[in-house]
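These notes concern the structure reproduced below.
Residues: numbered from 1 along the sequence shown.
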Amino acid sequence: MPLKPEIDIDNIPPGRHGGPDYAELQALGLSMDEIVDFSVCCNPYSLPAEIMRCLKKLPVHLYPDSDSTELKNGIARKLGIAPSRILVGSGTTELIRLLALVYFKKGARVLLFQPTYSEYELTSRIFGTEIIHFQSSADRDFRLEAEEFARTIRESRPEVVFLCNPNNPTGQYLSREEVDLISAACGDSLLILDEAYFNFVTNPWSSSELLDKGNIVILRSMTKNYAIAGLRLGYMLARDEIINAVRRVCPPWNVNIAAQKVGLAALSADKYLSASLKKVRKSKQILVKNLSALGFRVLPSETNFFLVKVGDAGQFRRLLLKQGFLVRDCTSFGLTQYIRIGARTVPESYLFIWTLAKLRDKGELQIDGD
């Protein structure tokens, strides 16, 4: 008799994210060198000098520190919080799975705002929770209304609440007052505040002050803003008792030595981060202005990425891929008429706009501006 999974595999949706599908590219006879990737929301500029120097002398013959002590202490100094409140992981997605391993009970209620990062639902389904969806409206540009969300929390009393801020894929960013309102409604519930893209917000507020106000975990990525997505690196902030509980189930050597050393070097790359993010914001302005001029409906966003209404998102993505551009089809977010674009360099952005205009003029591209 074949071995059966212990979990309901058929009820677990496949994980879909931005970035290239290498098998798809191979089938089309394309390589990554021929593709300009607007589907990811990462810093598009070359690595900072601090990281380049680090890469030349990685001690890959050594086992990594299972507690990422040097990096953890560096983050603590940077943020002005105790190292005991930090746990480093192989990307925020690993940390979400570890939190679920400790705190998600089968049948527990998990509240998810929609649309948002798909790993929240995928993880919740893996652990057999009851998922409550809070669906936003296209009429409101899919913005989360904090008061309505807080009321839903009080009424449904979930054990876990996920809140992505700024939200992926909308790029919308909640204020301190809005998050305070949601946090207060959570009571004894676990609030997982995912701030993977907060560095791309022009004036982010400091959320670490929330840690003493409830059962709050803050997740942050280090790969997107420093152009090191291939290394997988992130960290969580929480009270000592939460960190200690999650550390107990954390695999040994979960963060490889390259990610630890590069992450530590990245903490010194303030000038690079400031300069590159300034260029990313300029590129985003160019994209938004010219896409709007072409007749596309561009939704408001406070990050380096944004939604664009295009009609048939899958068809639009396939058409652009043939031209050497990769965009994010948002069908997996439940947004079949929208794509997500992450700002790249200024020259690449102008080339992208020029290509769209050319396709429109040839009659190969129908623009949905409704």
How about Phe142 and Tyr338: are their ring centres within less than 6.0 Å of each other?
-> yes

Indicate yes or no: does Arg125 engage Glu121 in a salt bridge with an N to O separation below 4.0 Å.
-> yes

Inspect the contact between Arg140 and Glu148 and indicate whether a charged nitrogen and a carboxylate oxygen are less than 4.0 angstrom apart.
-> yes

Taking atom types as modelled, find out whether Glu348 and Thr345 have a side-chain donor-acceptor pair closer than 3.5 angstrom.
-> yes

If you take all heavy atoms of Trp253 and Ser66, which pair is closest and at what distance?
-> N-OG, 3.0 Å

Of all the heavy-atom pairs spanning Leu233 and Ala259, show the shortest one and how long it is.
-> CD2-O, 3.4 Å

When you check the gap from the basic side-chain N to the acidic O, do Asp67 and Arg247 get nearer than 4.0 Å?
-> yes

Between the main-chain N or O of Ile131 and the side-chain N or O of Thr129, is there a donor-acceptor pair closer than 3.5 Å?
-> no

Does atom CD of Gln26 have more than 12 heavy-atom neighbours from other groups under 6.0 Å away?
-> no

Within 45° cone and under 6.0 Å: Arg340 NZ/CZ vs Phe306 ring = no

Does atom NZ of Lys322 have more than 12 heavy-atom neighbours from other groups under 6.0 Å away?
-> no

Verdict with reasoning, Phe316 to Val308, per side-chain contact (heavy atoms from CB on, under 4.5 Å) = CA-CA 11 Å; Phe316 188 94; Val308 184; over 6 Å; no

Any idea which heavy atoms bring Asn304 and Cys42 closest together, and the distance?
-> ND2-N, 4.1 Å

Heavy-atom count around Glu364 CD within 6.0 Å, excluding the residue itself: above 12?
-> yes

Given salt bridge (charged side-chain N to carboxylate O under 4.0 Å, His left out), test Arg297 with Asp141 step by step and report yes or no.
-> CA-CA 11 Å; Arg297 182 177 174 226; Asp141 293 331; 2.4 Å; yes

Aromatic plane relationship, Phe134 with Phe113 - under 30° parallel, 30 to 60° tilted, over 60° perpendicular | tilted

Assess whether atom CD of Glu70 is packed by more than 12 heavy atoms of other residues, nucleotides or ligands within 6.0 Å.
-> no

Side-chain donor-acceptor contact under 3.5 Å, Ser90 with Asn254 | no

Strictly by modelled atom types, are Ser175 and Glu178 linked by a side-chain donor-acceptor pair under 3.5 Å?
-> yes

side-chain contact (heavy atoms from CB on, under 4.5 Å) between Phe325 and Ser39: does it pass, once the steps are laid out?
-> CA-CA 9 Å; Phe325 297 95; Ser39 74; over 6 Å; no

Nearest-0.5 Å distance, CG of residue Leu62 to CD of residue Gln260 = 11.0 Å

Separation of Asn215 CG from Ser189 OG (nearest 0.5 Å) = 8.0 Å

SB check Arg317 Asp312 (cutoff 4.0 Å) = no

Do Ser68 and Asp65 get their side chains close enough for a donor-acceptor pair, meaning under 3.5 Å?
-> no

Run the numbers on Glu177 and Leu181 for side-chain contact (heavy atoms from CB on, under 4.5 Å), then give the verdict.
-> CA-CA 6 Å; Glu177 293 71 25; Leu181 182 68; over 6 Å; no

Salt-bridge present (Arg109, Glu159; N to O < 4.0 Å) | yes

Calculate, to the nearest 0.5 Å, the distance between atoms CG and CD belonging to Leu321 and Glu34 respectively.
-> 10.5 Å

Aromatic plane relationship, Tyr197 with Phe305 - under 30° parallel, 30 to 60° tilted, over 60° perpendicular | perpendicular

Take Leu335 and Gln114 through the side-chain contact (heavy atoms from CB on, under 4.5 Å) test and state the conclusion after the steps.
-> CA-CA 10 Å; Leu335 307 178; Gln114 296 288 314; over 6 Å; no

Within 6.0 Å of NZ in Lys289, more than 12 heavy atoms from elsewhere = no

Distance, nearest 0.5 Å, that separates CD1 of Ile339 from CG of Leu291 = 7.5 Å

Residue Arg239 excluded, over 12 heavy atoms near CZ under 6.0 Å | yes

Do other residues, nucleotides or ligands put more than 12 heavy atoms under 6.0 Å from the CE atom of Met32?
-> yes

Inspect the contact between Asp212 and Arg85 and indicate whether a charged nitrogen and a carboxylate oxygen are less than 4.0 angstrom apart.
-> yes

Strictly by modelled atom types, are Tyr120 and Asp194 linked by a side-chain donor-acceptor pair under 3.5 Å?
-> yes

Do Arg232 and Asn256 get their side chains close enough for a donor-acceptor pair, meaning under 3.5 Å?
-> no

Smallest heavy-atom separation, Pro64 atom then Ile257 atom, equals CB-N, 3.6 Å

Donor + acceptor pair across side chains of Ser207, Glu195 (<3.5 Å) = yes

Just wondering, are more than 12 heavy atoms of other shown residues or ligands nearer than 6.0 Å to CG in Asp188?
-> no

Cut-off 3.5 Å, side chains only: do Thr92 and Ser221 have a donor facing an acceptor?
-> no

Lys NZ or Arg CZ of Lys72 over Tyr235 ring: under 6.0 Å, within 45° | no

